[in-house]
Amino acid sequence: MLQRLEHLLGIEDLTREQISFILDQAAPFQEFQKHPLKKLATLRGKTVALAFFENSTRTRISFATAAARLGADTMNLQAESSSLKKGESLLDTIRTLEAMRPDGIVIRHSSSGAPQLIADRLGMPVVNAGDGTHEHPTQALLDALTIRDRKGKLDGLNLTILGDILHSRVARSNIFLLSKFGVNITLCGPTMWVPRGLESLAPNVRRVSRIEDALKTADAIIVLRVQTERLHEPAIATEEYILGYQLTPARLKLARPGALVLHPGPMIRGLEIDAAVADGPQSCVLDQVTNGLAIRMALLYHLVGGAAVEAPPAKEKPKDSTKD
Ligand code: NCD
């Protein structure tokens, strides 16, 4: 039996069945994005708190839009304008939000484990929208949905992830997810960002140092954003990164014909990815954004809407009214 999800804190502890369930639930919401009228009443009367303690544009807008299209209201907290600047602790801020009685909370935080901490203390569904270098589960779900749609399956595919794997929550969540589905995963990037040991994160993961070797036989490629603050000499300079690891049209030709190119965004064209690849026919970047809405709608529907299903049964009818 499928175990009902209470929170979405990461991919690592989910079963393949739970993941397939979310991906399947997203299908009707993918169709829904094409409708001229994009508003359901499913979560009418519910409130989703969006607590983003780290800068975010697309993920925050995606969750806010997903909630709005389900008919929910949102409460927005942005770190810049919040009392956190005045030294309030994370738990105090979250408890203040809780006192306004939302029905679920979506959190992004620069500390790995912050969503778990909150889930342990609050009595409402918590969705991790990215925590430190730990996980970004909705990104991995939308990536898997995009690949599954385009390739018709996940099992047996070869996926290459390029860039700073060590610091990437996107890479970690994708590795956990795709490995559960029998995808062969190749990690490639500068040695300091793809250190020995990463291959033991999950089954079917290997590290390869030359990009040419990493791309050979790839059915899909995830290009990670380069965090420019981490690019510096003598470790690695920008030019060196471009020469060694940028996904160019010539390099893309080494992969299997029709190999998919994914990027979680924001993309830095000319650094980790050539503009011709980013805008080319193999790029799935905009599909990823649309699929992100479908995944987040499916999740909110399941986690926040689920409360109604589990609500105490309606009061029993008074005895004398039960007569036929
Ligand atoms: C990613 C993130 O914030 O982890 N972006 C996103 O959610 N769209 C990847 C990144 O910023 O590099």
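Numbering of ligands and ligand atoms starts at 1, following listing order. The structure displayed is predicted, hence computed values, not measured ones.
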- Message: Is there a side-chain contact (heavy atoms from CB on, under 4.5 Å) between Trp193 and Ser168? Walk through the geometry before answering.
- Response: CA-CA 9 Å; Trp193 289 343; Ser168 173; over 6 Å; no

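Thr59 and Arg108 are linked by a side-chain donor-acceptor pair at a separation below 3.5 angstrom, with hydrogens and angles left out of the test. A side-chain donor-acceptor contact under 3.5 Å links Arg69 and Gln33.
Of the candidates Arg58, Gln139, His136, His136 brings a heavy atom nearest to atom 7 (O) of ligand 1.
In terms of polar-atom proximity, Gly265 is counted as a contact of ligand 1, with an N or O under 3.5 Å from an N or O of the ligand. The distance criterion of under 3.5 Å between nitrogen or oxygen atoms is met by Thr59 with respect to ligand 1.
Note on ligand 1: Arg108 sits in its first shell, one or more heavy atoms being nearer than 4.0 Å. Residue contact annotation: Pro264 has a non-hydrogen atom under 4.0 Å from ligand 1.
When hydrogens are left out, the protein atom nearest atom 12 (O) of ligand 1 is Arg225 NE, 2.8 Å; that is the closest non-hydrogen contact.
Using a cut-off of 4.0 Å between Lys/Arg side-chain N and Asp/Glu carboxylate O, Arg169 and Glu12 are scored as not salt-bridged.
In Arg169, the part holding a heavy atom less than 4.0 Å from any atom of ligand 1 is the side chain.
Here the side chains of Leu215 and Ile221 are in contact, with some heavy-atom distance below 4.5 Å. Annotation: side chain of Ile19 is in contact with side chain of Leu177 (closest heavy-atom distance under 4.5 Å).
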